Amino acid sequence: MSFLKNIFGGNEPQNEGSKVNWNQLTELKQLDEIVQQSKEKPVLIFKHSTRCIISKTVLKNFEKDFGFGDAVISYYLDLLEYRPISNEIASVFNVTHQSPQLLVIKDGVCISNASHDSILDIDFNQLLK
């Protein structure tokens, strides 16, 4: 099984070389907290499919290039384990479910979302002003 875990990844975000301080998104009630937190500073939600090599690659590259430290609050969702939360994210923030997907929440609303390699193209400097 560790062979498959090495290929597809586990259900935890990457730590090796990661510049992101992830909060695990595991309960629906956290979405209310995210809305409130986003009124103080931007919140990122990374929805990750732990069985998808594309999702794993995008997550690894995102973590490697991330440079915003404490300027944002970052959440990680294992959408295979917590699919109901992923569905609720789509409803609450009025986005279409995708995987991998990154949402930027500010003042209680999703101001940007991207999927797959487009995640790496988001201009965070512009969004986080």
Side-chain angles (χ1 to χ4, degrees):
M1 284 301 206
S2 65
F3 170 73
L4 293 176
K5 184 176 180 182
N6 288 336
I7 292 174
F8 296 109
N11 61 358
E12 296 295 320
Q14 304 293 312
N15 287 321
E16 217 173 285
S18 177
K19 299 177 184 177
V20 184
N21 183 23
W22 292 114
N23 295 290
Q24 298 292 317
L25 183 48
T26 59
E27 298 181 30
L28 282 171
K29 68 180 181 180
Q30 287 176 281
L31 295 180
D32 292 331
E33 295 169 11
I34 287 170
V35 168
Q36 291 307 311
Q37 289 172 327
S38 75
K39 295 176 181 177
E40 299 297 320
K41 65 171 71 173
V43 176
L44 307 179
I45 300 174
F46 194 102
K47 293 171 39 181
H48 174 56
S49 173
T50 56
R51 293 186 194 143
C52 174
I53 193 70
I54 293 170
S55 189
K56 181 177 180 178
T57 301
V58 170
L59 175 61
K60 181 180 175 183
N61 289 332
F62 176 78
E63 289 181 315
K64 182 181 68 156
D65 294 339
F66 186 81
F68 295 97
D70 293 334
V72 299
I73 301 168
S74 303
Y75 283 87
Y76 168 90
L77 175 69
D78 174 348
L79 65 88
L80 297 178
E81 185 76 23
Y82 300 103
R83 184 58 191 246
I85 297 173
S86 180
N87 293 341
E88 189 66 13
I89 287 170
S91 176
V92 168
F93 297 111
N94 197 28
V95 297
T96 302
H97 164 77
Q98 297 184 60
S99 169
Q101 185 175 30
L102 182 75
L103 289 79
V104 181
I105 313 300
K106 193 171 180 182
D107 295 322
V109 298
C110 181
I111 61 168
S112 181
N113 79 87
S115 180
H116 294 83
D117 287 335
S118 296
I119 289 171
L120 304 175
D121 295 332
I122 294 176
D123 184 357
F124 288 102
N125 290 317
Q126 184 66 27
L127 288 175
L128 302 179
K129 284 183 180 179

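Small disclaimer: the values here were computed from a predicted structure and weren't measured.
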Would you mind reporting whether [Y] and [X] have side-chain heavy atoms less than 4.5 Å apart?
{"X": "V20", "Y": "Y76", "answer": "no"}
{"X": "F66", "Y": "L44", "answer": "yes"}
{"X": "I89", "Y": "L103", "answer": "yes"}
{"X": "V35", "Y": "F93", "answer": "yes"}
{"X": "L77", "Y": "I85", "answer": "yes"}

Checklist entry - If you count the non-hydrogen atoms of other residues, nucleotides and ligands that lie under 6.0 Å from CG in N94, is the total more than 12? => result no
Checklist entry - Are V104 and L31 connected, step by step, through hydrophobic side chains (Ile, Leu, Val, Met, Phe, Trp, Tyr) whose heavy atoms are closer than 4.5 Å? => result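 Different clusters: V104 never reaches L31 through Ile, Leu, Val, Met, Phe, Trp or Tyr contacts under 4.5 Å.
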Checklist entry - For the hydrophobic clusters of this structure (ILVMFWY residues joined by side-chain heavy atoms under 4.5 Å, transitively), does one cluster hold both V43 and V92? => result yes
Please give me the minimum heavy-atom distance between [X] and [Y], naming the atom from each residue.
{"X": "L79", "Y": "H97", "value": "CD2-CE1, 4.0 Å"}
{"X": "I119", "Y": "A114", "value": "CG1-O, 3.5 Å"}
{"X": "C110", "Y": "V95", "value": "SG-CG1, 3.9 Å"}

Which residues pass the side chain to side chain donor-acceptor pair (under 3.5 Å) test with [X], not counting sequence neighbours?
{"X": "N87", "value": "R83"}
{"X": "S55", "value": "H48"}
{"X": "Q98", "value": "S115"}
{"X": "N113", "value": "Q101"}

Next on the checklist: Restricting to side-chain contact (heavy atoms from CB on, under 4.5 Å), what partner residues turn up for V109, sequence neighbours left out?
Outcome noted: I111
Checklist entry - Under the side-chain contact (heavy atoms from CB on, under 4.5 Å) test, which residues partner N61, sequence neighbours left out? => result T57, K64, L120
Next on the checklist: With a 3.5 Å distance limit and no angle check, can you tell me whether Q30 reaches the backbone of E27 through a side-chain donor-acceptor pair?
Outcome noted: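 Here the side-chain-to-backbone pair exists.
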Next on the checklist: Is a donor from one side chain sitting under 3.5 angstrom from an acceptor on the other, for Q37 and Y75?
Outcome noted: yes
Item to check | Where at least one partner belongs to residues 30-49, residue pairs that pass salt bridge (charged side-chain N to carboxylate O under 4.0 Å, His left out), sequence neighbours excluded | outcome: none
Next on the checklist: Exactly one of S99, P100, S86 should register a side chain to side chain contact (heavy atoms under 4.5 Å, CB included) with S49. Which one does?
Outcome noted: S99
Checklist entry - Parallel, tilted or perpendicular: which describes the rings of W22 and F46, with under 30° parallel and over 60° perpendicular? => result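 It falls in the perpendicular class, over 60°.
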